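A short write-up of the structure that comes next.
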Number of protein chains: 2
Amino acid sequence: MARKTGSHSQTTGPRVRAAAATLFARHGFAAVSMRQIAAEVGVQAGALYLYTPDKQTLLFDLMQSHLEELLAAWGAEPKGDAPCGRLVAFVRFHIGFHLARPEAVFIAYMELRNLSPENFRAIEALRHRYEDALEGILRAGQADGSFHIPDTRLATMALIAMLTGVTNWYREGGRLARAEVEAIYCDMALKAVGATG
Amino acid sequence: MARKTGSHSQTTGPRVRAAAATLFARHGFAAVSMRQIAAEVGVQAGALYLYTPDKQTLLFDLMQSHLEELLAAWGAEPKGDAPCGRLVAFVRFHIGFHLARPEAVFIAYMELRNLSPENFRAIEALRHRYEDALEGILRAGQADGSFHIPDTRLATMALIAMLTGVTNWYREGGRLARAEVEAIYCDMALKAVGATG
DNA sequence: GTCTATAATTAGATAGAC
DNA sequence: GTCTATCTAATTATAGAC
């Protein structure tokens with residue numbers, strides 16, 4: 001086993017991010033101090049500045065990497081050709097991805113107003129790209145007659161809000177298993193867009 | 001016109017609450033200082049403590065009065081007998097009420113983690129009572145065959161998340177008028193629960 | 001790479017003058 | 001009812017020893 005040569009740089013950086021994610025999700029960005037993060041990692045506050053230039057950048061990096069991971073994961077997801085199949089794939093993917101990362105999801109939705117204006121624009125652009133992925137599916141289904149949607153943009157926002165809402169109430173080991181939740185949301189989503197197939 | 005007898009107590013209290021609501025919604029509870037609130041009202045920081053014992057209680061009062069107003073307004077709303085009509089009434093009521101109070105809605109959903117444990121329990125109880133109102137409609141519709149819902153509790157959470165999501169994207173004077181948005185959401189909600197009528 | 005110490009600022013809340 | 005002044009404590013971020 002390779003010796004770590006006395007350096008912790010390969011582990012402390014990620015641990016700082018993990019501790020920040022946990023604390024930001026639990027108490028909110030503004031309510032968490034750099035000292036709390038340091039204590040969670042097990043270092044002193046000053047040491048954090050070896051891994052981030054400031055607290056704001058720490059938040060931005062968490063949100064940016066979450067959304068880039070989301071886009072990359074959806075891009076790598078196998079999807080069918082028919083709009084109905086693609087919508088089902090999106091619903092399952094969205095729920096699975098979000099339930100697997102409750103902290104990152106929480107931060108990405110709740111801490112937008114704590115971003116600097118430039119950072120906010122960057123995050124919003126990434127989020128918009130993800131919304132466009134769903135809107136593309138709905139447009140295709142509307143075009144080929146699979147769906148019956150009064151307004152695709154509104155349906156996009158409604159569906160994403162509905163799906164993301166699972167993270168507010170779902171608890172592992174609760175009344176419903178994840179697969180059951182996914183199936184029920186697929187059913188509701190297909191019905192909501194008036195799917196025929 | 002009655003003279004104000006030199007006292008501002010009838011106006012400053014509400015103005016403190018209004019300023020706090022605006023600032024909490026914009027920047028978040030933890031990021032707003034008592035001095036900022038005082039500046040918005042046009043008094044000094046110390047004067048705020050004539051109207052609230054502390055910052056935490058100020059937040060709690062905003063959330064509590066919002067939810068009590070929500071429950072009272074829904075209770076006073078005229079509703080039909082048939083489940084379909086009652087669901088339509090709920091959708092229109094929920095969207096209308098929430099779009100009219102973007103600040104209070106934002107605070108009630110985003111600042112739960114900044115409540116003390118006791119205050120959190122009180123707010124959650126109020127929120128649960130409101131969710132139960134929708135769940136009652138869905139249960140009735142499921143019972144009389146108007147709706148076809150795999151799981152009423154899950155459908156309740158899904159619908160509320162979908163409806164509340166309007167506050168994230170709707171802008172007055174935007175592409176769609178409020179009535180159009182309500183109509184489209186009614187359509188999607190009815191379809192999502194498999195309404196037959 | 002981490003710690004200790006500290007600078008500079010700001011926070012929530014209170015006391016007492018007016 | 002409001003202001004000024006202040007207390008105590010906590011904040012972000014940096015400097016320099018090790």
Side-chain angles (χ1 to χ4, degrees), chain A residues 2-24 26-63 107 111 113-119, chain B residues 2-24 26-63 107 111 113-119:
Chain A
R3 204 164 69 86
K4 286 285 177 17
T5 68
S7 164
H8 291 185
S9 69
Q10 293 168 346
T11 64
T12 304
R15 286 179 61 222
V16 168
R17 293 164 48 91
T22 299
L23 291 169
F24 289 169
R26 185 146 43 200
H27 307 292
F29 172 77
V32 172
S33 70
M34 295 298 270
R35 279 173 181 75
Q36 283 176 273
I37 298 170
E40 183 84 6
V41 174
V43 298
Q44 294 299 313
L48 295 181
Y49 292 88
L50 294 167
Y51 305 99
T52 182
D54 51 36
K55 197 186 171 192
Q56 163 73 205
T57 304
L58 189 49
L59 174 63
F60 175 69
D61 286 344
L62 289 174
M63 296 175 80
I107 293 169
E111 303 298 351
R113 36 178 197 188
N114 286 306
L115 290 172
S116 68
E118 320 91 276
N119 287 346
Chain B
R3 202 165 69 87
K4 287 281 177 22
T5 69
S7 165
H8 291 186
S9 69
Q10 292 167 347
T11 64
T12 305
R15 286 179 60 224
V16 167
R17 292 163 49 89
T22 299
L23 290 170
F24 289 169
R26 185 145 43 200
H27 306 292
F29 172 77
V32 171
S33 70
M34 294 299 271
R35 281 170 180 80
Q36 282 177 273
I37 298 170
E40 183 84 3
V41 174
V43 297
Q44 293 299 315
L48 295 181
Y49 291 88
L50 295 167
Y51 305 99
T52 182
D54 51 36
K55 196 185 171 193
Q56 163 72 205
T57 304
L58 189 50
L59 173 64
F60 175 69
D61 287 345
L62 289 174
M63 296 175 79
I107 292 168
E111 303 297 351
R113 23 169 212 198
N114 287 306
L115 290 171
S116 68
E118 319 91 277
N119 287 345

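Per chain, numbering begins at 1; letters A, B, ... match sequence-line order. All values derive from a computational prediction rather than experimental measurement.
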Steps toward salt bridge (charged side-chain N to carboxylate O under 4.0 Å, His left out) verdict (B:Glu111, B:Lys55): CA-CA 13 Å; B:Glu111 303 297 351; B:Lys55 196 185 171 193; over 6 Å; no

Nucleotide nearest B:Tyr51 when distance is taken to its side chain, options D:dT2, C:dT4, C:dT2: D:dT2

Members of residues 28-41 of chain B that approach DNA chain C, where some heavy atom sits under 4.0 Å away: B:Val32, B:Ser33, B:Met34, B:Arg35

The helix from C:dG1-D:dC18 to C:dC18-D:dG1: angle between end helix axes, five pairs per end, rounded to 10 degrees: 0°

B:Thr12 side-chain N/O to D:dT2 phosphate OP1/OP2 under 4.0 Å: yes

Per B:Tyr49 side chain, nearest of listed nucleotides D:dT4, D:dG1, C:dT14: C:dT14

Position toward the 5' end of DNA chain D (nearest nucleotide), A:Lys55 or B:Gly42: B:Gly42

Point-to-point distance, once rounded to the nearest 0.5 Å, from OG1 of A:Thr52 to CG of A:Asp54: 5.5 Å

Nearest-neighbour nucleotide for the A:Gln44 side chain, D:dG1, C:dG12, C:dC3 considered: C:dC3

Out of D:dT14, D:dT2, C:dT14, whichever nucleotide has its closest atom nearest the side chain of B:Ala47: D:dT2

Integer-rounded Å distance: C:dA11 P and B:Asp54 CG: 17 Å

Atom pair CG/CD of B:Leu115 and B:Gln56 - distance to nearest 0.5 Å: 5.5 Å

